[in-house]
Undergrad: 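Here it is, the structure, as structure tokens.
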There are 2 protein chains.
Amino acid sequence: MTTASQASVPCPIGRAVGLMGERWTLLILRNANLGTTRFDAFRAELGIADNILSNRLARLVEAGLLARVPYRDGGRTRQEYRLTTAGADMLPVLHALAVWGDKHTEPAEPAGSMRVIHQRCGQVTTPGKVCDGCGEIVRREDEAWVRPWLSPDPISLAGPIDTDT
Amino acid sequence: MTTASQASVPCPIGRAVGLMGERWTLLILRNANLGTTRFDAFRAELGIADNILSNRLARLVEAGLLARVPYRDGGRTRQEYRLTTAGADMLPVLHALAVWGDKHTEPAEPAGSMRVIHQRCGQVTTPGKVCDGCGEIVRREDEAWVRPWLSPDPISLAGPIDTDT
DNA sequence: AACGCTGGCTTGCATTTAGCAAGTAACAAG
DNA sequence: CTTGTTACTTGCTAAATGCAAGCCAGCGTT
């Protein structure tokens, strides 16, 4: 799913950054990993302009990280932007950014830090491979995030859509 | 080291992305982690415009990820941009981008993939915490990268400068 | 068939940013 | 004093960002 401009970059970091080294793209991928799929939901959650959101979603679909999928809603057809495997595989990047952000930056108001929950044992854990509590590998489907500034409830990560792009 | 615009963002990912969700910034951090320190070296390695490089280096210094340090070179005073602890702590983000980029994007010409070497045992390993070969935790000072499109030689990661910003 | 509503954009515009290429200032050597 | 180097700055053009209004397709209702 490489776009033409990636193909000339030998470095995988360079190619990845060419696709997603842009703040709105990364924020869209964060929210998509947490289950956001609809245009108006991204717009509301991110406070992003319509034209920028439309542009970024199109790029993410073209790059294969999201898939634009029609669905029926109360009789009418709507569109949603579903996470693909490539989009889901961004989770380690999001984990790493969360750890860095938590260590090196401060929110103005301590609403409480973001926490990652291993749902199988219920423990808070460092994002990454192995649960700090029980030592098990934390699988995506057992991981939830608590963002206390939004809600005290853990949000499970979204599963990717199966896709052949 | 939070800039004013970060302080209003409760999410650590949002704050991190506010500082570095931009391709040139990420690429500068990649090269700084591999030991690049001088303005003309960044310019040559990245093919970046002077004004953009100057701007990004200033922002990274302001955000505390790099430190601008004078040094003597053949009698004259020059400046270098040294990695700080905060900049060094970007390594997991770079690792995650490398893994993603390697899995989901293709170079035009197979020059060979980027490889991470655990120098204590000499093995190639997956970037991350534990060596695939010997099972030891891969410490920064024992990690080197091979980027075959540049050179067959492993490049050790740069150690951060001690700094109190 | 006509109309209204909604969703998912597009458009026009002003502002900002990106990037090229030339130029500048400070500092050193000759 | 002149020259060269380093680390930028500047002027300019093109592209991107983002606001706010508007458009179009698809649907349901009348």
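The chains referred to below are lettered A, B, ... by the order of the sequence lines, with proteins before strands, and numbering in each begins at 1.
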Undergrad: Measure the CZ-CG distance between Arg30(B) and Asn33(B) for me, rounded to the nearest 0.5 Å.
TA: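 If I round to the nearest 0.5 Å, the distance is 10.5 Å.
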Undergrad: Between Asp102(A) (side chain) and Ala98(A) (backbone), is there a donor-acceptor pair under 3.5 Å?
TA: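 No, the answer is negative, given that no donor and acceptor are paired below the 3.5 Å cut-off.
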Undergrad: Can you pull out how bent the helix from dA1(C)-dT30(D) to dG30(C)-dC1(D) is, comparing the axes over its first five and last five pairs, to 10°?
TA: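 The angle, to the nearest 10 degrees, is 0°.
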Undergrad: Could you check whether Arg78(B) pairs with Asp40(B) (Lys NZ or Arg NE/NH1/NH2 to Asp/Glu carboxylate O, under 4.0 Å)?
TA: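 Counted as a salt bridge, because a side-chain N and a carboxylate O are separated by less than 4.0 Å.
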Undergrad: Apply side chain to side chain contact (heavy atoms under 4.5 Å, CB included) to residues Ser156(B) and Glu143(B) and explain how you reach the verdict.
TA: CA-CA 6 Å; Ser156(B) 296; Glu143(B) 177 171 334; over 6 Å; no
Undergrad: What pair of heavy atoms forms the shortest contact from Leu26(A) to Gly21(B), and how long is it?
TA: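 Shortest heavy-atom contact: CD1-CA, 4.0 Å.
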Undergrad: Given Trp145(A) and His95(A), is the side chain to side chain contact (heavy atoms under 4.5 Å, CB included) satisfied, shown in steps?
TA: CA-CA 11 Å; Trp145(A) 292 8; His95(A) 280 161; 4.2 Å; yes
Undergrad: Across nucleotides 4-22 of chain D, 5' to 3', mark each nucleotide with B, S or - according to how protein heavy atoms within less than 4.0 Å reach it.
TA: BBSSBBB------SBB---
Undergrad: Ion pair present between Glu136(B) and Arg120(B), side-chain N to carboxylate O less than 4.0 angstrom?
TA: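 Arg120(B) and Glu136(B): salt-bridged.
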